[in-house]
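We name chains A, B, ... by the order of the sequence lines, and we start the count at 1 in each one.
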Amino acid sequence: MSVHSKSSSAQSVAERAAELRDQLHHHAHRYYVLDDPELPDVEYDKLFEELQAIEAEHPDLLTTDSPTQRIIGKVLDGFTPVRHAVPMLSIRTETDTEASGAVAFDARVRRELELDESDPPIEYAAELKFDGLAINLRYEHGVLVQAATRGNGETGEDVTQNIRTIAQIPLRLRGAELAPPVIEVRGEVYIRRDDFDSLNERQRELIAKGAKNEKTFVNPRNAAAGAVRQLDPAIAAKRPLSFFAYGLGAVQDWTIPPTHSGLVDALQAMGMPVSVERAVVHGADGLVEFHRRVGAKRDDLPFDIDGVVYKVNDRALQQRLGFVSREPRWAVAHKYTAQEQMTRLLGIDIQVGRTGKLTPVAKLEPVFVGGTTVSNATLHNQDEIDRKDVRIGDTVIVRRAGDVIPEVVGVVADKRPPDTQAFSIVAKLQSKCPVCGSEITREEGEVDWRCSGGLFCAAQRKQAMLHFASRRAMDVEGLGDKLVDQLVDSGLIRTLPELYKLGVAKLVALERMAEKSAQNLVDGLERSKKTTLGRFLFALGIRHVGETTAKDLAKHFGSLDRILDASVEQLLEVNDVGPVVAQSIHTFFAQPHNREVVEQLRACGITWEEHDGTADNAPKPLAGKTFVLTGTLPTLSRDDAKDLIEAAGGKVSGSVSKKTHYVVAGAEAGSKLDKAQELGVVILDEEGLKALLPP
DNA sequence: GATCCTCGAGTTCC
DNA sequence: CTCGAGGATC
């Protein structure tokens with residue numbers, strides 16, 4: 001089926017409605033029955049809402065088979081249909097990025113209950129809206145006898161065998177001897193993000209080994225849905241499913257607690273897993289606060305959520321509010337901004353990095369996703385492009401969750417325009433660097449193509465210069481990427497030493513460069529001349545020599561001249577320097593033009609203190625200790641903390657392992673803190689760190 | 001030879 | 001932050 005563009009003005013409303021119905025039926029089938037959606041959920045929701053809107057405005061266009069009138073879900077062959085004793089209704093969902101949507105809901109509820117301002121705020125149970133699959137669990141005398149999917153709300157599928165494989169779901173309720181004859185527990189089957197990642201990892205391994213019928217999953221929900229509706233329970237059992245209970249179906253001879261929160265507590269007491277992220281709040285303010293709080297920690301939750309759900313807590317009030325058509329008036333779901341969106345791939349640019357690496361970058365039609373507008377996303381390398389079969393003109397799905405860098409997740413296959421071609425970096429570039437025209441090369445066994453132009457290539461010169469001036473290298477204030485572009489493009493600068501020969505007079509000739517900023521740069525360059533050997537070595541940008549290795553080299557050799565003339569064997573004596581790194585350093589300094597650059601820089605007045613190997617006598621209380629920093633400290637910046645620790649003889653590393661002695665944690669510390677707790681590493685705050693440092 | 005650990009390098013948006 | 005790869009360690 002083809003999916004046409006939104007609506008042409010010539011198209012009648014009736015035609016559009018019919019078209020939407022067809023599309024929604026088609027996508028619902030792909031989604032619910034085949035577990036192989038072509039559209040991201042947001043897109044489906046958009047179509048659904050558009051149809052709803054048309055039908056609300058033109059009731060005569062409402063047909064009985066409209067997807068809005070029936071929650072789609074077809075019983076697959078192999079599963080027995082189950083008629084729900086109490087229908088599984090859906091909650092009205094509002095796509096409302098503002099927390100203030102809660103205010104409108106609260107106002108609606110108060111109006112229905114005919115309350116005025118003098119009445120106290122309404123009590124709500126606030127919960128998460130899980131991104132999984134709704135399930136009804138039927139317990140008779142405390143024993144799980146049947147599990148069914150929601151299906152169309154009236155009739156679902158019997159998936160008892162698969163659900164029984166989920167360890168979190170009790171086969172027998174706690175206190176089963178006191179359990180009522182019938183109690184149906186409703187909740188959501190989902191997959192945790194970490195479980196999802198390892199599942200996909202396993203799938204990839206199977207595919208790599210040649211398994212034909214295996215595939216990786218687009219997102220945790222599809223994987224969960226697929227597992228629950230897997231015909232072979234043995235396969236379902238291998239999928240890492242989890243469960244949260246949040247509601248009730250049919251009951252017999254059981255006194256239902258008077259509040260929703262009380263009900264969830266009761267379910268927990270019976271041994272059902274329930275979410276800890278739930279709260280009883282009061283009035284619109286309480287809802288807004290909950291929405292905000294959950295929104296802030298959304299990315300840190302171990303599972304995906306769509307949004308939050310608000311329910312009037314008091315069951316008596318729920319009954320007074322009743323239902324509109326098939327949705328309860330006493331509950332509403334509010335979705336957060338989507339973390340996945342569809343957009344078009346307008347083109348693929350090739351960037352040249354400092355080492356000459358050619359990186360394909362997707363140019364996207366700007367799209368709002370995960371809180372920001374995204375127009376670029378890296379495609380990493382040719383392998384990645386091939387694996388995803390990304391082509392120019394394709395409609396692609398872009399994901400951005402929290403602070404994570406945007407990525408192209410995949411292509412919407414049936415939206416591919418005709419006559420597209422597989423994208424090839426080599427073909428596009430005709431084997432030439434897009435910046436300098438040099439031949440491009442790829443080493444045996446490597447995935448990256450590189451420009452062979454070296455510093456002849458303007459892109460590499462620019463990147464080399466930026467690296468040289470960067471904060472952890474020479475720390476030249478006032479030299480950013482815009483200025484580097486100008487300096488290189490204008491031909492004013494060809495080599496690094498020429499930077500230090502710039503005068504205010506030459507600089508003011510450039511656009512947007514007046515005397516003041518020119519003087520700033522000259523001052524910045526002047527200040528940068530006093531540096532350390534480690535920084536200077538790092539600034540040169542030798543392959544495989546990063547900040548740490550540069551420092552180790554400086555410490556080991558003590559003077560630049562000893563490094564310049566060091567043999568590969570001598571270099572190998574340095575900590576963490578093996579054959580690859582040693583060769584890289586040796587080759588770098590063997591090249592006459594590199595030696596010349598070094599000499600010229602020294603001639604410009606760049607200085608550092610050299611030592612002959614004798615230790616300085618500053619106190620080193622932290623010698624031999626390894627630290628890891630995480631989160632934001634109250635007063636120290638990351639760099640300051642690092643410098644202080646190193647000055648005291650300690651080491652700062654990026655990841656926590658059992659060799660880590662201390663983890664210094666600040667606000668919003670992430671996974672490293674968890675890891676530290678797991679490994680029992682000592683955790684310090686800023687105060688604790690300062691206490692270890694010499695005065 | 002395998003496994004763990006660390007370092008280097010690349011990346012987006014505001 | 002994350003990936004890949006170089007280096008160290010057993």
request  = Specify the separation, in whole Å, of atom CG of A/Leu540 and atom P of B/dA9.
outcome  = 13 Å
Can you tell me if the side-chain N/O atoms of [X] get under 4.0 Å from OP1 or OP2 in [N]?
X	N	result
A/Thr355	B/dG10	yes
A/Arg354	B/dA9	yes
A/Thr549	B/dG8	yes
A/Asn376	B/dT11	no
A/Thr378	B/dG10	no

Minimum-distance nucleotide (side-chain atoms of A/Pro406 versus B/dG10, B/dC5, B/dT12) = B/dT12
Which nucleotide in B/dC5, B/dC7, C/dG7 has an atom nearest any side-chain atom of A/Thr548 = B/dC7
key: Neighbours of DNA chain B within residues 358-366 of chain A, by heavy-atom distance under 4.0 Å   = A/Thr359, A/Val361
ask   = Going by atom types only, do A/Ser528 and A/Tyr500 share a side-chain donor-acceptor pair under 3.5 Å?
value = yes
task = Report which part of the nucleic acid A/Ser375 touches: base, sugar-phosphate, or nothing (heavy-atom distance under 4.0 Å, all strands).
result = sugar-phosphate
inquiry  = Using a 4.0 Å heavy-atom cut-off, does A/Lys551 contact any base of the nucleic acid, only the sugar-phosphate backbone, or nothing at all?
reply    = nothing
task = Would you please name every residue forming a side chain to side chain contact (heavy atoms under 4.5 Å, CB included) with A/Asp552, sequence neighbours left out?
result = A/Thr548, A/Val574, A/Asn575, A/Asp576
ask   = Who passes side chain to side chain contact (heavy atoms under 4.5 Å, CB included) against A/Asp485, sequence neighbours left out?
value = A/Lys462, A/Asp489
task = Could I get the full list of ring-ring contact (aromatic ring centres under 6.0 Å, His included) partners for A/Phe423, not counting sequence neighbours?
result = none
ask   = Could A/Lys690 and A/Asp685 be called an ion pair, given the rule that one side-chain N must be under 4.0 Å from one carboxylate O?
value = no
With a 3.5 Å cut-off and sequence neighbours excluded, list the donor-acceptor pairs that the side chains of residues 350-367 of chain A form with protein atoms.
from	atom 1	to	atom 2	distance (Å)
A/Thr355	OG1	A/Arg450	NH1	2.8
A/Lys363	NZ	A/Asn376	OD1	2.9

query = What residue pairs, at least two apart or across chains, pass salt bridge (charged side-chain N to carboxylate O under 4.0 Å, His left out) with a residue in residues 530-546 of chain A?
reply = none
Throw together a table of side-chain donor-acceptor distances under 3.5 angstrom for residues 424-433 of chain A, partners on residues two or more places apart or in other chains.
from	atom 1	to	atom 2	distance (Å)
A/Ser424	OG	A/Val426	N	3.3
A/Ser424	OG	A/Ala427	N	3.0
A/Lys428	NZ	A/Ile348	O	3.1

Give the table of side-chain donor-acceptor pairs shorter than 3.5 Å for residues 586-594 of chain A, with sequence neighbours excluded, one pair per line with atom names and distance.
from	atom 1	to	atom 2	distance (Å)
A/Thr587	OG1	A/Gln583	O	2.7
A/Thr587	OG1	A/Gln583	NE2	3.2
A/Asn594	ND2	A/Phe588	O	2.9

Close N or O pairs between protein and nucleotides 2-4 of chain B (under 3.5 Å):
none

